[in-house]
Amino acid sequence: MNWKTTEYAGWGRALKAAGELARPERQGTLRQLSAEAAAPAIGMRRSYGDAALNDGGRAIDMTRLDRLLSFDPETGFLEVEAGARIGEIAEAFAPQGWLPAVMPGTGFATVGGCIAQDVHGKNHHHVGSFGQHVTALSLLQQGREVRVKPGTPLFRATVGGLGQTGIITRATLQLIACKGDVMMVTERRAENWDEHIALLDASEASYTVGWIDATATGRHLGRGIVEEGETGAGLVRKRLKFRKVPFDAPNFALSSPIVRAFNAAYYRRVPARGRTLVKPIGDFFFPLDKIHDWNRLYGKRGFHQFQCVVPLAAASELRAMLDEIAGSGLASPLAVLKRMGPGRAGHLSFPMEGYTLAVDFPNRQGARALIRHLERLTADAAGRLYFAKDSLARGEDIRAMYPELSDWQAEVAKADPDAALETDLVRRLNLRTAQ
Amino acid sequence: MNTTWIILGATSSMARAFARKLAAQGAGVLLAGRDMKELEALAADCRLRGARLSEALSFDARKPQGNAALSPGRGREGGELTPAVAVGWRPKKPAIDPPPLLFGGVVPASFTAPADFLQRLAPLLEARGGGTVVGVGSVAGDRGRLGNYVYGAAKAGFATYLSGLRNRLTRAGGHVVTVKPGFVDTAMTWGLPGLFLVASPEAVADDILSAVRKRRNTIYTPFFWRYIMLIIRSIPEPIFKKMKI
């Protein structure tokens, strides 16, 4: 019984797929599966849209191939299987003074997924993207395992490559030294857009991120809380129990007045003069992971996340986008503003030097129309959309945003000539063939 | 934690989750099974997750004589040795009916081989006067039914063995925990139709650890299987024999 017929969804639960999934627990089984018939690999399905879906086809769930294989305490090189989760690596290594160099907003993301989306973290402005700290990886192509090193064309096509060059089976990560497994976090209010941007620009902390109240309008537009973090040593009580969302919330749970009230309270939680706290490392990096299945808060219909990055010079265009979002009253409490550095490791990597804005919307007609509009504004601002989040864009929007697309296509055509690894996202955006 | 667990059938989904939890607590783990390549990878994984000692050992439940490497004295250097037995083999699908071949595989793997291993270890545990044995049975052993009665019979035999061993070791200050998992989300059950209330291997591992701590005798995991099986056991045989469940 290698294949299970099932329905599955992206993290946003707005896009779904039906098909057969295999979930090998041994490398030998994986190799067998891949030799029989190639299928795209999926992980914890933390991509919001359809990056991890293959409707009507097969996919290989990698989450049980999640072992930590070797670690060299001299160099900080850690080799893991692709299904290993970032949060577990952090948990095991932070007490010994090591952390993954880049950690995305959820610790449930797998290493394979982090590579395939070339994710970034709250320290992107200093250390760049995830793929820049991968020192080697192994790809399974038609039953053959291929070792891929940075600097090769196959590496640049694989990192951020949406799993199209083969199944990522293992990777070696360069961990970075940290002081311990607690975070010193400074939180400051930013009263409006200009102050928010100024705080992000001036921040010299290792980790910086801004929470933005996407419902505030007028002179409060862009207000939020800028969080700066440094790792430290010390003792804080670990979270032992996690909360769960046991059922789909009703649709009014995230209606405009409720979100507005929540955001105002969340903003005022931080005193006007700011404050400094000590937190367990996971609470800072993965704030939402303590509520398992939080995506159910959006109810049955699911939700979308819009995330774009625009060049530094386009900050005012980004402000105009936020203005439209705030005016629509459709945003949810989850909205993030961050300054990015230029670091990226693959042809299709998302980062560019500039500002990135991410906002969640319930999956409603009005929200979908607004997101489509924001996508066009992103293109006009010479910005870029993020494949890990996107579920509504069209192929023609993408071409100009990813100038290296044809380099990627050439490499992918060699790696997977039969297009057996295509996913719903690749088909929707026509990524393999778009001119 | 100055104990070293020896885990039979360590590549199974449940044993793997259990070994990792032990590793995170700093215990030692000796991982026994057939697939040495997988066991080596798991041993490395446990070491990196904090195990004080982590080693792979070759053990084939279907060839009990060939397991000399697994002598009871093994691992004593690593502190107090504690066995956990999670072997068991259930053929895929109701392929039970062509019996001789499969029968010959299922019973040794799920019953006689692990029992033989524990039997050889028992004097050592008695002499030491402490320690806990964990044996994994199955709810399938609580009543024989059409779908998997050979596997069920083997597991029932093993449960009976464990209860006897508990009787024996208790006198010497030791303890035996019998674990009866319901449906668990493992490679063995992946894609099987008709499963409900499926538990994750991690949840089962947590239940086992807590049972060891509290010196429970027999646990069902998740707990509600105790009640489901209570109902199934209490169906009168004249009715049960005609049922298809």
Side-chain angles (χ1 to χ4, degrees), chain A residues 1-6 19-33 58 60-61 63-73 76-85 87-96 98 108 169-170 172-173 175 181 238 240-242 244 292-293, chain B residues 9-17 19-26 29 31 33-51 54 56 86 90-95 148 183-195 197-198 200-203 206 209-210:
Chain A
M1 194 64 51
N2 285 329
W3 298 97
K4 171 178 172 175
T5 308
T6 185
E20 288 183 309
L21 297 183
R23 191 189 57 193
E25 295 194 352
R26 299 168 192 239
Q27 288 291 348
T29 321
L30 173 67
R31 213 169 284 238
Q32 242 170 25
L33 288 170
R58 287 177 159 183
I60 298 177
D61 178 327
T63 55
R64 293 268 167 113
L65 292 168
D66 61 347
R67 288 164 296 198
L68 316 179
L69 297 172
S70 66
F71 179 64
D72 181 348
F77 288 153
L78 171 71
E79 190 184 23
V80 298
E81 288 181 318
R85 285 161 287 278
E88 286 184 10
I89 296 174
E91 199 181 319
F93 284 91
Q96 307 171 42
W98 296 97
F108 291 120
T169 55
R170 286 178 300 160
T172 306
L173 311 179
L175 302 190
D181 61 353
K238 282 242 166 60
L240 294 174
K241 282 276 176 204
F242 291 89
K244 260 192 175 168
H292 286 185
D293 305 327
Chain B
T11 51
S12 82
S13 318
M14 255 183 283
R16 213 159 112 165
R20 284 178 163 186
K21 301 245 174 207
L22 292 170
Q25 296 178 355
V29 287
L31 307 161
R34 273 180 304 154
D35 190 337
M36 281 310 279
K37 225 174 138 195
E38 283 297 309
L39 289 168
E40 297 286 1
L42 182 62
D45 184 53
C46 287
R47 211 171 302 130
L48 292 176
R49 285 171 197 259
S54 178
R90 187 170 70 175
K92 303 256 179 198
K93 277 295 207 191
N148 60 3
F183 294 138
V184 186
D185 187 12
T186 65
M188 207 158 79
T189 60
W190 179 254
L192 286 186
L195 303 192
L197 298 169
V198 179
S200 72
E202 287 73 28
D206 279 332
L209 278 176
S210 118

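In what follows, chains are A, B, ... by sequence order, proteins preceding strands, each numbered from 1. All heavy atoms count here, side chains included; hydrogens, waters and symmetry mates do not. This one's a predicted model, so the numbers in the text were calculated from it and none came from an experiment.
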Query raised in the report: Based on non-hydrogen pairs under 4.5 Å, which of Val80(A), Asp66(A), Leu69(A) is most in contact with chain B?
Result: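 Between Val80(A), Asp66(A), Leu69(A), the count favours Asp66(A).
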Query raised in the report: Highest number of heavy-atom pairs under 4.5 Å with chain A: which of Ala43(B), Ala41(B), Ala24(B)?
Result: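 It is Ala41(B).
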Query raised in the report: If you count heavy-atom pairs under 4.5 Å with chain A, which of Cys46(B), Ala44(B), Gly50(B) comes out on top?
Result: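 Top option by heavy-atom pairs under 4.5 Å: Ala44(B).
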Query raised in the report: So, does Arg16(B) use its side chain to make a donor-acceptor pair with the main chain of Glu25(A) at under 3.5 Å?
Result: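 Between the backbone of Glu25(A) and the side chain of Arg16(B) there is a qualifying donor-acceptor contact (under 3.5 Å).
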Report task. Name the region of Leu21(A), side chain, backbone, both or neither, that has any atom closer than 4.5 Å to a heavy atom of chain B. Result ->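 Both backbone and side chain.
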Query - Glu88(A) versus chain B, the contacting section by heavy-atom distance below 4.5 Å - result: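 For Glu88(A), side-chain heavy atoms alone lie under 4.5 Å from chain B.
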Query raised in the report: Can you name the closest pair of heavy atoms from Arg64(A) and Thr186(B) and give their distance?
Result: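 Looking at all heavy atoms of both residues, the closest pair is NH1-CA, 3.9 Å.
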Report task. Measure across Gln96(A) and Leu48(B) and return the closest heavy-atom pair with its distance rounded to 0.1 Å. Result ->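 Shortest heavy-atom separation between Gln96(A) and Leu48(B) comes out as NE2-O, 4.2 Å.
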Query raised in the report: Any chance CD of Glu91(A) has more than 12 other-residue heavy atoms, nucleotides or ligands included, within less than 6.0 Å?
Result: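 No, because the 6.0 Å sphere around CD of Glu91(A) holds 12 heavy atoms or fewer from other groups.
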Query raised in the report: So how far is it from Arg67(A) CZ to Glu40(B) CD, rounded to the nearest 0.5 Å?
Result: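 Interatomic distance, Arg67(A) CZ to Glu40(B) CD, rounded to 0.5 Å: 11.0 Å.
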